[in-house]
Amino acid sequence: MDSVMTRRRPVSLPLLFAGGVALTVALALAIFYVLMHPPVSEIGAMAAFLTITALVSVAAGYGAYRTGWISRSPHISWILLGGYALSSVLTFINVWVTARLMFASQHDLLLATVLLLFAGGIAMSLGYFFSAALTDEILILNQAAKEIAQGNLNVRVPVTGRNEMAELAHTFNEMAEQLEAAARKQRELDTLRRDLVAWVGHDLRTPLTSIRVLLEALADGVVDDPTTVQRYLQTAQRQIRSLSALIDDLFEMAELDAGGLGLEQHPNSISDLISDTLESFSALATQQDVTLEGSVEPGIDPVCMDAGKIGRVLANLVSNALQHTPAGGTVQILALGVAEGVQVEVRDTGEGINPRDLPHIFDQFYRGEKSRSRDTGGSGLGLAIAKGIVEAHGGRVGVESSPSEGTRFFFTLPKP
């Protein structure tokens with residue numbers, strides 16, 4: 001079990017108590033001297049008397065402390081009330097003995113006794129009043145903690161004042177909020193896990209079914225025309241490549257989730273990486289009648305990065321942009337310097353993203369309403385993988401989009 005670090009006092013409680021008593025004796029002697037100007041003999045006698053009574057008080061208080069009275073009491077109010085009672089008794093003994101030595105009149109001694117008993121009773125009543133107010137706050141915290149233990153994570157306690165109890169109540173509320181957020185996140189993860197199984201099952205079953213049907217047709221001789229046979233084989237190869245890409249995506253996503261994605265970061269040229277990406281997608285862009293262009297702000301290079309992984313990010317973003325940009329549109333790749341380092345943007349003039357889908361665009365397997373099939377939506381992991389790779393580099397990724405006004409994906413990389 002992990003131990004809890006506690007904030008310890010620089011001086012132990014018994015030493016603080018002894019120091020307080022010693023300071024009280026010194027102050028009492030100083031006041032006695034200032035007010036009465038006694039001869040040296042009386043000062044010595046007073047010092048001896050106060051020292052003896054102080055030692056008795058220290059012994060009584062320390063004895064109560066060492067017996068474990070504080071930890072064995074079932075109620076804090078009893079501890080505080082006992083402390084007030086002990087203080088009252090010690091005060092009574094000190095003052096009564098002093099009065100017994102100094103007062104000549106029996107009447108005055110009896111009167112002092114009555115007044116001391118009265119003052120002690122008032123002190124204990126007032127002490128119980130304050131201790132009850134304190135224990136009421138503790139009981140509220142205790143009840144709230146029990147509700148938290150029973151699963152009611154939305155419970156909160158009132159925070160009043162600025163003392164340690166208020167600080168404890170504030171800390172309790174923060175803990176409850178974190179527990180509630182963690183429980184909510186766990187529910188989301190459970191839902192995502194169930195969806196992931198369903199989505200992966202669908203994405204694997206569909207191409208496998210297609211491949212099985214094609215191969216059975218070929219094996220049974222249902223198709224014997226060479227052109228048709230070739231078309232069937234090409235379709236099967238395409239489905240196999242699709243399966244292979246999905247499995248690669250799943251493996252890379254698993255590495256990201258486990259924090260085990262290996263990066264080989266070195267100073268590299270982001271300009272060359274963007275140029276290679278433009279070249280890779282130029283044929284597809286021409287086929288779709290989409291203008292693909294890029295620009296890099298001077299002085300950007302070098303950038304410390306894993307060129308292969310960041311190339312994967314660019315490929316995912318550009319592929320996604322081309323997929324959603326109609327003929328006659330434009331896709332741009334831009335790189336510019338920002339305060340954080342380097343920012344790379346992929347802009348398109350496509351149909352944009354529905355505001356309802358925008359907060360989930362980087363979620364695993366999320367494809368939006370209009371693209372639930374593999375033919376239009378991909379695996380649903382590309383943007384999640386891009387986000388994981390960028391964050392593994394210490395950067396951040398984001399998106400801005402409005403329906404019918406295009407989309408801007410961007411990510412930042414820290415400069416070396």
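Residue numbers count from 1 along this sequence.
- Remark: side-chain polar atoms of Thr349 are paired, donor with acceptor, to backbone N or O of Thr330 under 3.5 angstrom.
- Heavy atoms only, all atoms of each residue included: Asp301 and Ser271 are closest at OD2-OG, 2.7 Å.
- Between the side chain of Glu297 and the backbone N or O of Gly337 there is at least one donor-acceptor pair closer than 3.5 Å.
- Here the side chains of Leu23 and Leu27 are in contact, with some heavy-atom distance below 4.5 Å.
- Rounding to the nearest 0.5 Å places CE of Met175 at 9.5 Å from CG of Leu168.
- Contact of the Asn320 side chain with the Phe409 side chain is registered, since non-hydrogen atoms from C-beta on lie closer than 4.5 Å.
- At a threshold of 4.5 Å between non-hydrogen side-chain atoms, the residues Asn268 and Val303 do not count as touching.
- Between Phe410 and Leu334 there is no side-chain heavy-atom pair separated by less than 4.5 Å.
- Residues Val346 and Ala321 share a closest heavy-atom pair of CG1-CB, 4.0 Å.
- Within the structure, salt bridge (Lys or Arg N to Asp or Glu O under 4.0 Å) contacts touching residues 392-401 (residues at least two apart or in different chains) are Glu340-Arg396, Glu400-Arg408.
- Note that the OG1 atom of Thr407 and the CG atom of Asp348 stand 4.5 Å from one another [nearest 0.5 Å].
- The pair Arg156-Glu180 counts as a salt bridge, with a side-chain nitrogen and a carboxylate oxygen less than 4.0 angstrom apart.
- For the pair Phe281/Leu314, no side-chain contact is recorded, criterion being any heavy-atom separation below 4.5 Å from C-beta on.
- With Thr325 contributing its side chain and Val331 its backbone, the two residues share no donor-acceptor pair below 3.5 Å.
- The number of heavy atoms from other shown groups lying within 6.0 Å of OH (Tyr232) does not exceed 12.
- The distance from atom CD1 of Ile300 to atom CD of Gln343, rounded to the nearest 0.5 Å, is 10.0 Å.
- Looking only at side-chain heavy atoms (C-beta outward), Gln332 and Glu345 stay at 4.5 Å or farther from each other.
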Show me the side-chain donor-acceptor pairs of residues 283-292 shorter than 3.5 Å, one per line, residues at least two apart or across chains.
unit_1	atom_1	unit_2	atom_2	d
Thr286	OG1	Ser282	O	2.9
Gln288	NE2	Leu322	O	2.9

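- The local environment of CD in Glu216 is crowded, with over 12 non-hydrogen atoms from other residues, nucleotides or ligands closer than 6.0 Å.
- Here the shortest heavy-atom pairing between Thr51 and Ala47 reads OG1-O, 2.6 Å.
- Considering only heavy atoms from C-beta on, Ile140 comes within 4.5 Å of Pro158 through its side chain.
- The line from OG1 of Thr412 to CD of Glu391 is 9.5 Å long, rounded to the nearest 0.5 Å.
- Contact between Val159 and Ala166 at its shortest, heavy atoms only, is CG1-O, 3.7 Å.
- When all heavy atoms are compared, the tightest approach of Gly350 to Pro326 is CA-CD, 3.8 Å.
- Looking at every heavy atom in both residues, Leu273 comes nearest to Ala307 through CD1-O, 3.7 Å.
- Atom CG in Leu233 sits 11.0 Å away from atom CZ in Arg231 (nearest 0.5 Å).
- At least one side-chain heavy atom of Gln230 sits less than 4.5 Å from a side-chain heavy atom of Gln234.
- Using modelled atom types, no side-chain atom of His393 and backbone atom of Met305 make a donor-acceptor pair closer than 3.5 Å.
- Annotation: the span from His324 atom NE2 to Ile353 atom CD1 amounts to 8.0 Å, rounded to 0.5 Å.
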